[in-house]
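Because the structure is a prediction, the values reported are computed rather than measured. So that the names make sense, note that chain A is the first sequence line, chain B the second, and so on, each numbered from 1.
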There are 2 protein chains.
Amino acid sequence: MKPDSQKIDEADIKLLSILQTDASVSLEELSSRTAMSANTAWRRIKRMEEAGIIAKRVALIDPEAVGLGMTVFVAIKTSDHSDEWLENFARSVSAIPEVVEFYRMSGDTDYLLKLLVASIADYDRVYKKLIRSAKLSDVSSSFAMETIKFTTAVPLRI
Amino acid sequence: MKPDSQKIDEADIKLLSILQTDASVSLEELSSRTAMSANTAWRRIKRMEEAGIIAKRVALIDPEAVGLGMTVFVAIKTSDHSDEWLENFARSVSAIPEVVEFYRMSGDTDYLLKLLVASIADYDRVYKKLIRSAKLSDVSSSFAMETIKFTTAVPLRI
DNA sequence: GTTGAAACCCGCTAGTA
DNA sequence: TACTAGCGGGTTTCAAC
């Protein structure tokens, strides 16, 4: 799966830049845009897929279009907990589909979650599920009024 | 682009669930997994693409694999600013590739950014770019120690 | 060993009943 | 909704450097 961390060169970055913006471009177009032959492009892509650099190809759904217009950030502080509590916490929270991002933080808050929900009522439903599943106490939520930018494109540099 | 907000039924949700997890599945496999003909699956997908429900197809890059192992959240508070300042702020911050998410918030913090950077030094570079581009004052950063969950799959429900 | 070109063949796309 | 035909593109192979 991860054969000794292959180095990525400029040509790879060109390919990745295109594919992480639009994965539906053909090898032909890819080759014309990168000044390499189609099967060189194909070989490089395949190598990066096998190396895990390209994790997967997905369809991105517009959350608004399916009625998920509300983004909520949930900050959680935990007082000392055992390892198994933490493990269980991570597992049960990860299993909630509305939790789309979940980080262990340094500083003030210990955990930060990003939720995608339909409405306040929907948020309340998920919130209850959340505190029930892990028996949390110190939880505070912030609501996003507007998503100014959201991209899955990572900042690639030479 | 958005012809009168078509309703999404269960069959559509089945398709979306698969495609938002793995967009590389063939129509044949899609049809066998959803009990609809390949042709029907294709037509539904095309309709959802045209309706903007499926926004795009992208390759997801593992940030760690390309040396972007650090996720930072930046909370910004603004004291009263003019409309044009706000507009310029949104535009210049959005243009920074390391800013992968950018929200206008309710409550304590006015804006929340998510950054993908390589290291502390890299973070510092982006931070400087940030405060220079929009002349910010009240900025506080929190570092993610661990990404427990990150998914682009939205919580689809019947 | 690495690169490019060309053939193969599968599967996407679209037209028709 | 199902069938079918065309064709575009991913995959493989082979030859050349």
Side-chain angles (χ1 to χ4, degrees), chain A residues 1-62 65-66 152-154 156-158, chain B residues 1-62 65-67 152-154 156 158:
Chain A
M1 282 294 152
K2 222 171 188 179
D4 51 337
S5 240
Q6 314 235 7
K7 196 74 175 70
I8 297 144
D9 61 17
E10 273 186 66
D12 287 334
I13 287 179
K14 277 184 188 174
L15 291 171
L16 290 175
S17 301
I18 296 169
L19 291 176
Q20 78 173 162
T21 303
D22 183 5
S24 67
V25 298
S26 67
L27 286 173
E28 193 192 7
E29 192 179 338
L30 229 33
S31 77
S32 74
R33 282 213 250 165
T34 55
M36 67 180 86
S37 76
N39 78 352
T40 297
W42 180 77
R43 269 194 268 257
R44 283 178 178 268
I45 291 164
K46 198 166 175 257
R47 184 177 52 75
M48 291 192 285
E49 281 171 345
E50 278 161 6
I53 295 164
I54 296 175
K56 54 192 338 198
R57 287 153 185 267
V58 299
L60 257 31
I61 297 173
D62 179 10
V66 293
T152 56
V154 306
L156 262 11
R157 264 179 311 125
I158 354 100
Chain B
M1 282 290 156
K2 220 170 190 177
D4 53 337
S5 243
Q6 314 235 6
K7 197 75 176 68
I8 297 143
D9 61 17
E10 273 187 67
D12 288 334
I13 287 178
K14 277 185 187 174
L15 291 170
L16 290 174
S17 300
I18 297 169
L19 290 176
Q20 77 172 163
T21 303
D22 183 5
S24 67
V25 298
S26 67
L27 284 173
E28 193 192 6
E29 194 179 335
L30 229 34
S31 77
S32 73
R33 282 215 250 163
T34 55
M36 66 181 87
S37 74
N39 200 297
T40 301
W42 178 74
R43 271 185 236 266
R44 281 177 177 270
I45 291 164
K46 197 169 176 254
R47 184 177 54 74
M48 290 191 286
E49 280 171 345
E50 279 162 5
I53 295 163
I54 296 175
K56 55 192 337 198
R57 286 153 185 269
V58 299
L60 257 30
I61 297 173
D62 179 10
V66 292
T152 56
V154 306
L156 262 11
I158 353 102

Using atom [atom1] of [X] as one end and atom [atom2] of [N] as the other, report the distance to the nearest whole Å.
X	N	atom1	atom2	answer
B:Arg44	C:dC12	CZ	C1'	19 Å
A:Leu27	C:dA6	CG	P	16 Å
A:Glu28	C:dG4	CD	C1'	15 Å
B:Leu30	C:dC12	CG	P	9 Å
B:Met36	D:dA2	CE	P	11 Å
A:Ile45	D:dG9	CD1	C1'	12 Å
B:Asn39	C:dA14	CG	P	11 Å

message: Side chains of A:Asp12 and A:Lys7, heavy atoms from C-beta outward: is any pair under 4.5 Å?
response: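 Of all side-chain heavy-atom pairs linking A:Lys7 with A:Asp12, none is under 4.5 Å.
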- prompt: Within a strict 4.5 Å, meaning less than it, do heavy atoms of the B:Lys56 and A:Thr21 side chains meet?
  reply: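 Contact flag for B:Lys56/A:Thr21 side chains = yes.
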Side chain of A:Arg43 (C-beta onward), nearest among C:dG4, C:dC12, C:dT16: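 The answer is C:dG4, which lies nearest to the side chain.
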field: Which nucleotide in D:dG10, D:dA2, C:dG4 has an atom nearest any side-chain atom of A:Trp42
entry: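 Within the option list, the nearest is D:dG10.
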Spacing of OG belonging to A:Ser31 relative to CD belonging to A:Glu28, to within rounding of 0.5 Å: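 If I round to the nearest 0.5 Å, the distance is 6.5 Å.
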query: When rounded to the nearest 0.5 angstrom, what is the spacing between CD1 in A:Ile53 and CG in A:Leu16?
result: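 Between A:Ile53 CD1 and A:Leu16 CG, I get 7.0 Å after rounding to 0.5 Å.
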task: State whether B:Ser26 places a side-chain N or O below 4.0 Å from either non-bridging phosphate oxygen (OP1 or OP2) of C:dG11.
output: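 No, because none of the side-chain N or O atoms of B:Ser26 sits under 4.0 Å from OP1 or OP2 of C:dG11.
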Short side-chain N/O contact to C:dG4 OP1/OP2 from A:Thr40, under 4.0 Å: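 It does, given that an N or O in the side chain of A:Thr40 lies less than 4.0 Å from OP1 or OP2 of C:dG4.
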message: So A:Lys46, base contact, sugar-phosphate only, or nothing? Heavy-atom distance under 4.0 Å.
response: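 No contact.
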